[in-house]
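A short worksheet on the structure shown next.
Basis for what follows: all heavy atoms, side chains included, without hydrogens, waters or symmetry-related copies. Both ligands and their constituent atoms are indexed starting at 1 by order of listing.
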Amino acid sequence: MQLNVSQLLKASIGSIRNYEVSETVDITGGGSMVEGKVRLMRTDRGILVKGTLHTEVEVTCSRCLSLFSCPLALNIEEEYFPTTDVISGATLPLPEEPGCFTIDEHHVLDLTEAIRQYALLATPMKPLCGDDCAGLCPYCGHNLNQGPCDCPPQGSERKDVNYGSFTQTKIR
Ligand SMILES: [Zn+2]
Ligand SMILES: [Zn+2]
């Protein structure tokens, strides 16, 4: 996801370039298709990237443990700072912001790392394959989304046991 921004760096502050994104990015070890539009704007310090990208990541359902594809919308807004002056070729000092994104000495702005970070932040901590996911049987581990298991209904059985001991005490 590399964009050459040497022309935009030479343009006046406020100049805008629009890009269509349609690329595979390695987000969680596997390649995820990333699509959308980004707008690059020349700022006084560098280039501001803004846009919404759509992708999908493979996640494990926290209830039934099955793998499924989770759609993500990434609202990206990041300023990229040039490391080299586009006219003179001189090395530029970076702002003292830790982890800020940079444009390399060939004036290439790489969106990959930002996409990866935004996607990881957007991935739910406890993903569900569906709001109505039935989960796993706590006794045999069967995935209840695939139908019921052979375990006896536990709730009613416990009631019977309680009732039994209650009647026994009564008789004595
Ligand atoms: Zn599930
Ligand atoms: Zn079961």
Modelled atom types, side-chain donor and acceptor of Glu79 and Thr43, under 3.5 Å: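 Yes, a side-chain donor-acceptor pair sits under 3.5 Å.
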Angular separation of Cys140 SG and Cys137 SG about the Zn ion (ligand 2), given to 10°: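 About 110° at the Zn ion (ligand 2).
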Any N, O or S atom of His142 closer than 2.8 Å to the Zn ion (ligand 2):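 It does not; every qualifying atom lies at 2.8 Å or beyond.
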Member of Leu109, Thr83, Leu92 meeting the side-chain contact (heavy atoms from CB on, under 4.5 Å) criterion with Ile103: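 When Leu109, Thr83, Leu92 are each tested with Ile103, the side-chain contact (heavy atoms from CB on, under 4.5 Å) holds only for Leu109.
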Phe101 CZ to Glu113 CD distance, which is reported to the nearest 0.5 Å: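 Here the interatomic distance stands at 6.0 Å.
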Rounded to 10 degrees, the angle SG of Cys64 makes with SG of Cys129 at the Zn ion (ligand 1):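 Result: 110°, to 10°.
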Whether Ser32 side chain and Glu56 backbone form a donor-acceptor pair below 3.5 Å: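 Indeed, once roles are kept as given, a pair shorter than 3.5 Å links the two residues.
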